[in-house]
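Heads up: the structure comes next, in structure tokens.
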Amino acid sequence: MELADLAAIAEKERAARPPVEVRCCTAAGCASAQADKVLDGLKKAAADAGLDGKVRAVSVGCLRLCSRGPLVQVDPDGTLYANVTPEAAPSVIAGLAGGPVAAERLDPAGPFFAGQASVVLENSGRVEPERVESYIAADGYKALYKAVREMTPAEVVEAVTRSGLRGRGGAGYPTGVKWATVAKNPGDRKYVVCNADEGDPGAFMNRSVLESDPHKVLEGMAIAGYAVGANQGYVYVRGEYPLAIDRLTTAIKQAGKLGLLGTHVFGTPFDFRVDIRIGAGAFVCGEETALMASIMGGRGTPTPRPPYPAEKGLWGMPTLLNNVETFANVPRIIRDGPEWFAGIGTEKSKGTKVFCLTGKVANTGLVEVPLGTPLRTIVEGIGGGAQGGAIKAVQTGGPSGGCIPAELLDTPVDYESLGKIGSIMGSGGMIVMDGASDMVDVARYFMEFCMDESCGKCVPCRAGTVQLHRLLTRIVDGAAGPDDMARLESLCHMVKDTSLCGLGQTAPNPTLSTLRYFRKEYEAKLRTDRRVHLPVYTPTVNGTPARRTP
Amino acid sequence: MTAVTLTIDGKLVTARADETILQAARANGIPIPTLCHVDGLSAHGGCRLCLVEAGPGGRLQPACVIKVAEGQDVRTDTAKLREYRKLILELLFAEGNHVCAVCVANGNCELQDAAAAAGMDHLTLDYTHPRREVDLSHDRFGVDHNRCILCTRCVRACDELEGAHTWDMSGRGANSKVITDLNQPWGESATCTSCGKCFMACPTGAIFRKGATVAEMDHGRAKLDFLITARGRKQWNV
């Protein structure tokens, strides 16, 4: 495979493209609303109307406004239809000739779409995720060619470092530094692992990326493999994402056939194989050491760091672990240069971030914005604000994050700013809450999640989350006193400081942040009487309360 | 292997670079409490009792895992650590059903000792009173899950010393449980060699030798009856 071959595939693909393409989102969100039937209906209607060669209905990935799916977009004019039912599909085709369309028409220049950026999601809703040719026609695999044929591994690492890209899994560790560490650590073999074990409630960014543009992630992984000297990659994807697994499997097969993965990538001595490992439903396996234990066939429990995976990872070898979105950023950085990438975002947080905007907001779906965008722009501008009533808080970072009160909505969304106000960037979940949400109950919900997902290895997380959940339940039930509040806080700090892995260390965050901003809600639920409530022991004789003898 | 110099609780000590903070501390007579650690078995890092403040920012690190480093400043006994250790022990007592008065390990229990050493004499948290099982199907040993603190010492001893790997963990979080084979009764385990290493490794009374537990004592009164009959009626054969 040479650059000319790549260009030939792209040219052939473009030549075969009819003047009009009707793109139907078949990612999981729309698929759950019968998008498959809509697509069939579109194909059949186009064929029935004798439009073969003029109009083609294709399956694409996420068109972002998930709550209004199935979404259908007409290319090239960009007309976007929402809530398209299988029955309405023929009218969409008829609409191309000016007929009435029995589906809601959206404005692609409206605030939800116009306010967004397109780096990670540039191909989402445009390329066909199940055809590698479609990705190649969108300049796919050019970056990999450039990396393996025109750059040294050190230059690739340097480019990623200069781009300022930081880990998109939530912690924001500088990606270039991580790559350099793995590249420099000695090892007979090295590994690249893509973390697609997305488990935060309300988060589906990684799923959407894998379902919409799997080749982009594979290309990013291959570039990473070349940069750090790894020949084997693993995508650890949760079993709850069957469509992502299917599309990824197809993508790996197709890329392998073209010599874009496997042995001698682009005719160079560089080999890179990618295999999929499927998670079995444990949230903790998103933690890197637990994830690696699971890949190696062990019980998915974390181990203390150091040693970090970059030093001793899979089978004791240096291992590079990055999130789906981090890898998806890499091809553009190589193709358009680190300076282009560093031009987006803020001084310390470069590039864009994909968020899943959910909850009590008018527009629910996938949102990509440059880092540093104020939270208000996301939830009120793009999201369209709360449906009836005002926004009370925005939860970011899932069970590891915090609740940001409405008065702090002007905070720019970047790693440092969110950290300062007691939340985290997280992997991208963003849940909007209005006045109907009870913040103590929200804290209890996230604590329950952590309690259920604790692996049980370390005491503070295993037993501490149980006690914290009991205390929060008692407060919600109105049975707690001021002493319970004090206990809640001290236990929160203890679990945060002493837990083994990120799950336990961050489990108290939703509670601590609601305590910080919504303490009045907690206090309003406390018992007002000052009596100490002890369990009352009544001695009984044969089942009847005993009489006290004088 | 090079030697490094570090400070533990203000005391200047030297250690081999491949030693853990725990090894260095104990070699120099500085006690650090542990529960899941056993010398010779692989490190687990789960009980969190051995957490020490190591390095900049006073970040808490498990002494049983973290290696010593040149110039490290380790604190093993700060007010914060004492408070946290007490809370960890409270969590353990609240999590299981630990009733020292009727436990076979009373007086020979590392959990009890650790609680006494930490001054944990009452609970400020709720007992959770879990429903847990007792498995007495093995001829020589029994396991009482009520007293298990999930330290996995039995799992590691069985795997690393005996090579049988009869024990393992099942479930997660509060539902974690040590199991034998594929969660079969211990007595039916095909891999157990009855070596007793799990019993030796157990820090509490969770795994115990049979015949020594409360209410298990056999007085053998029938023997008296036999002797009386034999002497009185000269019936020595029954």
Side-chain angles (χ1 to χ4, degrees), chain A residues 280-285 289-290 298-307 311 447-471 473-474 479-480 483-484 486-488 490-501 503-505 507 535, chain B residues 20 35-36 42-55 57-67 69 80-81 83-96 111 123-128 130 148-152 155 168-178:
Chain A
F283 177 70
V284 75
C285 285
T289 57
R299 187 175 151 86
T301 52
T303 44
R305 297 174 305 177
E311 188 190 333
M447 190 55 73
E448 187 177 351
F449 180 86
C450 292
M451 176 178 80
D452 289 341
E453 293 297 342
S454 167
C455 77
K457 180 168 176 174
C458 76
V459 181
C461 178
R462 180 183 74 222
T465 51
V466 171
Q467 292 289 346
L468 285 170
H469 182 252
R470 282 170 95 98
L471 284 166
T473 304
R474 196 179 301 166
D483 48 335
D484 289 309
R487 214 165 287 152
L488 179 77
S490 66
L491 202 54
C492 271
H493 289 295
M494 179 267 190
V495 171
K496 193 180 164 103
D497 285 353
T498 61
S499 289
L500 198 166
C501 82
L503 197 165
Q505 286 162 7
Chain B
T20 61
L35 268 180
C36 68
S42 63
H44 182 61
C47 76
R48 314 310 278 173
L49 272 190
C50 74
L51 286 179
V52 293
E53 290 179 17
R59 209 179 137 209
L60 303 187
Q61 299 269 33
C64 67
V65 179
I66 301 300
K67 300 268 191 284
K80 187 162 106 181
L81 284 172
E83 185 207 323
Y84 282 173
R85 283 180 189 143
K86 220 165 146 179
L87 256 174
I88 288 170
L89 287 159
E90 278 194 47
L91 285 173
L92 281 171
F93 274 92
E95 179 191 42
L111 179 64
L123 286 197
T124 59
L125 303 165
D126 291 350
Y127 285 104
T128 55
C148 179
I149 58 167
L150 302 162
C151 66
T152 72
V155 178
D168 214 318
M169 298 293 298
S170 82
R172 70 178 181 217
N175 298 319
S176 300
K177 185 187 161 195
V178 289

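Both backbone and side-chain heavy atoms feed into the values below; hydrogens, waters and symmetry mates do not. Below, chain A is the first sequence line, B the second, and so on; all start at residue 1.
Proximity to chain A (any heavy atom under 4.5 Å) is shown, for Glu90(B), by neither the backbone nor the side chain. Proximity to chain A (any heavy atom under 4.5 Å) is shown, for Ile88(B), by both the backbone and the side chain. Using a 4.5 Å cut-off between heavy atoms, Phe93(B) makes no contact with chain A at all. Only the backbone of Ser499(A) comes within contact range of chain B, judged by heavy atoms closer than 4.5 Å.
In this structure, CG on Leu91(B) lies 6.0 Å from CG on Leu491(A), to the nearest 0.5 angstrom. Of the inter-residue distances, the one linking Thr498(A) atom OG1 with Lys80(B) atom NZ reads 10.0 Å to the nearest 0.5 angstrom. Distance CZ/Arg299(A) to CG/Asp168(B): 7.5 Å, rounded to 0.5 Å.
Counting only residues at least two apart or in different chains, side chain to side chain donor-acceptor pair (under 3.5 Å) contacts with residues 459-470 of chain A comprise Arg462(A)-Glu95(B).
Pairing each heavy atom of Gly45(B) with each of Pro304(A), the nearest pair is CA-CG, 4.4 Å. The two residues Leu60(B) and Asp497(A) come nearest to each other via the heavy atoms CD1-O, 3.7 Å. Closest approach of Ser490(A) and Leu87(B) over heavy atoms only: O-CD1, 4.4 Å. Pro460(A) approaches Arg48(B) most closely through the heavy-atom pair CD-CG, 3.4 Å.
Of the listed residues (Pro62(B), Gly171(B), Ala94(B)), the one with the most heavy-atom contacts under 4.5 Å to chain A is Gly171(B). Most heavy-atom pairs under 4.5 Å with chain A, from the set Leu49(B), Val65(B), Thr124(B), Leu92(B): that is Thr124(B). When the candidates Thr152(B), Leu125(B), Asp126(B) are compared by the number of heavy-atom contacts under 4.5 Å with chain A, Asp126(B) comes out ahead.
At distances below 3.5 Å, at least one donor-acceptor pair connects side-chain atoms of Arg172(B) with backbone N or O atoms of Asp452(A).
Atom CZ of Arg59(B) has 12 or fewer heavy atoms from other residues, nucleotides or ligands within 6.0 Å.
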